[in-house]
Amino acid sequence: MQILREIIEQPLESALADMGVEGDFWKQALGPSRERDQGDLSLPCFPFAKQLGRNPAEIANELATALSGVVDAEAAGGYLNFKANRDWLAQRVLSGFDTVGNKSVLIEHTSANPNGPFHVGRARNAILGDTMVRLHRLHGNEVRAEYYVDDMGKQVGVLAWALQNLSEADVADALVDMDDMNPKWKGKSDHETVRWYQAAQALRQDSIDKDAIEDEISRLVHASEHGDDAVLAQFEEAYSPVLEGMLETLSRLGIEFDTFTKESKFVVDGTVSALMERFESMEIHGMAENGAHFLDLGQRGMKGKTEFFYRRGDGSSLYATRDIAYHMWKWEQCDELINILGEDHKLQSKQVGMTLSELGEKVPEVMFYAFIKLPEGKMSTRKGNVVFMDDLLDEAQSHAAAIVRELRSDISDEEVATIAEAVGVSAVRFNIIKVNPDKGFTFSWDEALSFEGESAPFVMYAHTRACSINRKVGRAPQNVFPTDIPDAMHELMRVMACNRDIIALATGENRPHLFATQMLDLATAYNAFYRDCHVLMDGVVEEANYAVSEAARHMLRSGIEALGVIPLESM
RNA sequence: GGACACGUGGCCCAGCUGGAUAAGGCGGCGGCCUCCUAAGCCGCAGAUCGCGGGUUCGAAUCCUGCCGUGUCCGCCA
């Protein structure tokens, strides 16, 4: 609780100085209290005991006495507990908070190869990234969401080759062993076009012409990597419809981008070759027998594989080389750079980071996430072992529709559909965002489609309760502060008071799940408040309660939106 | 083999950079709609925080060894 910390740090500092404590190491130890009735912030006094050669309980007592009258401090078993005054806290929370962020942040996320529809695993990137974008905006930062388009290289090359050389019949032929496309997605360009990509992958393995195919694909890929306009145009024509289909899926999840930057840009405009020249004059530069170039990052402390190849024997650049050029370009446009990457990119990202340092550039912040598995194991399109995001969203929507119909007999089919779509999409997002990105998790339909407990609908529901009250009252609250504050209201104030702290933490440390947890806490606290502190009593408005309800409603709404959850007013 | 993650009740998961009785959710059991939406609320049962050492007044948290799981170790992207 930063607002409380701000008041107590000064007096505490002088009280400690008076006792002969040196240093400000204790600022680290001053943290949230464990239990509600202990207070809001607690300071363990054991470290002082050592420095002063005195009993911790005695020190805590003495501090409590020294601070009495200034702040509410109480000694208990070697701890000094600080409690925010209820009335002060309520006034402070109800008068609102200013946003504090003032940076320009560029967040690059998703950047998936445009070669097929999103499955749940790939979409974790987009959901994490978009949530970071929204959280930074809520924090007050200026944010640009960027998609880096892989418009050159093998994957697009394979797709382009397939579209140029294979007929519908060839594709059907090559894919006889695979599951058919779900007819529902007929006409959606990512689902349609991915079949060409898959057919090409199969033919590269099994076709009698596979050597010729491989040669032709290689020719295209190398041409693209040398910036060949015609080939790049052909590639773009191949991937564009796929990307469009993918973006359609993301859009349904509320995910949009501000800018798209093509990888080829940095080859075509010459920055990549200029960069490679710079590398050549570095002291850690090295060269292989066939003329390929590398940097020896082992000399800078890299463990494991130390040679970072940035240029092939034929002079063309590699993906990571272009990525470095891309980063230098990004740094020209922001104060803070955040990348969202799968854990498979850890080594690559380390190489890029170290090389950027070597060039005197800043290193971006990177949020890594572990993969989502299925109960049957790793997701694999080839084995048909995937859950497509499109299918998940449809399933979530229809599951939600069934529940809404059961719960609400008073609304039209259209309203049911709107609510169900919002609930479905929100639940899917929340289910992914609430867990620590470091943890690999196993996808479960039951979990993803659970609308109770720790879920989006739980938070949405608390918000609709507040909205319902607002509708019934039908006007803005008066500027009345509560005088007698019951426990449930006080608890709500405590949670609200920490909201801004959590946003700062979640954005500062790239841990969006902390904010998901905060919203669950906020909804829980609102539910208790709703239970114990009625706004409407026999048609009469309890002004103070209404003011609190409205403040909570606004905070719920802004938080819900920051998670990409849809704030319904009725559900 | 090496590098990097992760391992918390039957299941899922939190634990904010070492602190006071390990927090929630699901599932189980038992309660609450003449009262602002019961997608809610209240109660009960359920944990040697993977295992062994170490550092510390204090370890789920830091160090180390082992076990298990995942990812990476391409002149692919």
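Proteins get letters first, then strands, A, B, ... in listed order; numbering begins at 1 in each.
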Would you give me the side-chain donor-acceptor pairs under 3.5 Å for residues 444-454 of chain A, sequence neighbours excluded?
from     : atom 1 : to       : atom 2 : distance (Å)
A:Ser444 : OG     : A:Asp446 : N      : 3.4
A:Ser444 : OG     : A:Glu447 : N      : 2.9
A:Ser450 : OG     : A:Glu452 : O      : 3.4

Is the shortest side-chain N/O distance from A:His513 to OP1 or OP2 of B:C16 below 4.0 Å?
no
From A:Arg5, A:Arg494, A:Lys83, residue fulfilling side-chain hydrogen bond (donor to acceptor under 3.5 Å, both in side chains) relative to A:Asp40:
A:Arg494
For a quick test of reading the model: is some side-chain N or O of A:Arg531 closer than 4.0 Å to OP1 or OP2 of B:C42?
yes
Quick one: ring-ring contact (aromatic ring centres under 6.0 Å, His included) pairs with a partner in residues 419-439 of chain A, sequence neighbours left out?
none
Please list, chain by chain and in numerical order, all residues satisfying salt bridge (charged side-chain N to carboxylate O under 4.0 Å, His left out) with A:Arg219, sequence neighbours excluded.
A:Glu216
Using the P atom on both, measure B:C42 against B:A23 and round to a whole Å.
16 Å
I need the CZ-C1' distance between A:Phe451 and B:A38, as an integer number of Å.
17 Å
Taking the side chain as every heavy atom from C-beta outward, state whether A:Pro364 and A:His327 have any pair of such atoms under 4.5 Å apart.
yes
Nearest-nucleotide comparison on RNA chain B, the residue closer to the 5′ end among A:Ile403 and A:Leu41
A:Leu41
If I take atom CG in residue A:Asp538 and atom C1' in nucleotide B:C36, what distance separates them, rounded to the nearest angstrom?
11 Å
For A:Asp446 and B:C13, what is the distance between atoms CG and P respectively, to the nearest whole Å?
15 Å
Tell me, please, which residues at least two apart from A:Glu214 pass salt bridge (charged side-chain N to carboxylate O under 4.0 Å, His left out).
A:Arg204
Look at the aromatic rings of A:Phe529 and A:Tyr526 and report parallel, tilted or perpendicular, splitting at 30° and 60°.
tilted
A:Leu514 side chain reached by A:Gln518 side chain, heavy atoms, under 4.5 Å
no
Take atom C1' in B:A77 and the same atom in B:G24, then report the distance between them in whole Å.
40 Å
Rounded at 0.5 Å granularity, tell me how far CG in A:Asn527 sits from CZ in A:Phe458.
5.0 Å
Does the ring center of A:Phe308 lie less than 6.0 Å from the ring center of A:Phe294?
no
By ring pair (Phe, Tyr, Trp, His ring centres under 6.0 Å), A:Phe441 pairs with (sequence neighbours left out) none
Which stems, defined as runs of 3 or more consecutive Watson-Crick or G-U wobble pairs with both pairing distances under 3.5 Å, involve RNA chain B?
B:1-7 with B:67-73, B:10-12 with B:24-26, B:28-32 with B:40-44, B:50-54 with B:62-66
Check whether the side chains of A:Asn510 and A:Glu365 place a donor and an acceptor atom closer than 3.5 Å, and report yes or no.
yes
On a whole-Å scale, what distance lies between the C1' atoms belonging to B:U8 and B:G25?
14 Å
Roughly how far apart, to the nearest Å, are B:G52 and B:G68 at atom C1'?
15 Å
For RNA chain B, find the residues of residues 23-40 of chain A with a heavy-atom distance under 4.0 Å and give them by number; none if there aren't any.
A:Pro32, A:Arg34, A:Gln38
Which letters describe nucleotides 26-34 of chain B, given B = protein heavy atom under 4.0 Å from base, S = only from sugar-phosphate, - = neither?
S--------
Provide the full list of side chain to side chain donor-acceptor pair (under 3.5 Å) pairs with a residue in residues 417-426 of chain A, sequence neighbours left out, each pair given once.
A:Arg252-A:Glu421
Please measure how far the C1' atom in B:G43 lies from the corresponding atom in B:C49, and state the result in whole Å.
26 Å
Can you tell me, in whole Å, how much space there is between the P of B:C62 and that of B:C6?
9 Å
Between B:C76 and B:C11, how far is it from one P atom to the other, in whole Å?
44 Å
Taking atom types as modelled and ignoring hydrogens, do the side chains of A:Gln201 and A:Tyr197 form a donor-acceptor contact shorter than 3.5 angstrom?
yes
Using a heavy-atom cut-off of under 4.0 Å over every strand shown, decide if A:Leu514 touches base, sugar-phosphate, or nothing.
sugar-phosphate
Which is true for A:Ser42 with a 4.0 Å heavy-atom rule: it touches a base, it touches only sugar-phosphate, or it touches nothing?
base
With 3.5 Å as the limit, what N/O pairs link the protein to nucleotides 56-58 of chain B?
from  : atom 1 : to      : atom 2 : distance (Å)
B:C57 : OP1    : A:Lys50 : NZ     : 2.7

Given the C1' atoms of B:G18 and B:C63, what is the spacing between them in whole Å?
13 Å
Any N/O donor-acceptor pair, A:Thr464 side-chain to B:A39 base, under 3.5 Å:
no
Side chain of A:Lys439 only, please: which of B:A14, B:C16, B:A38 is the nearest?
B:A14
Side-chain N or O of A:Arg471 closer than 4.0 Å to phosphate OP1/OP2 of B:C36:
no
For A:Ala76 and A:Lys303, take the nucleotide of RNA chain B holding the closest heavy atom to each; which residue's nucleotide lies nearer the 5' end?
A:Lys303
In B/S/- notation (B base, S sugar-phosphate only, - none; protein heavy atoms under 4.0 Å), nucleotides 69-77 of chain B written 5' to 3' is -SSSSSBSB
In whole angstrom, give the distance that lies between atom CG of A:Asp532 and atom C1' of B:C36.
14 Å
Please identify each residue that fulfils salt bridge (charged side-chain N to carboxylate O under 4.0 Å, His left out) with A:Arg312, with sequence neighbours left out.
A:Glu225
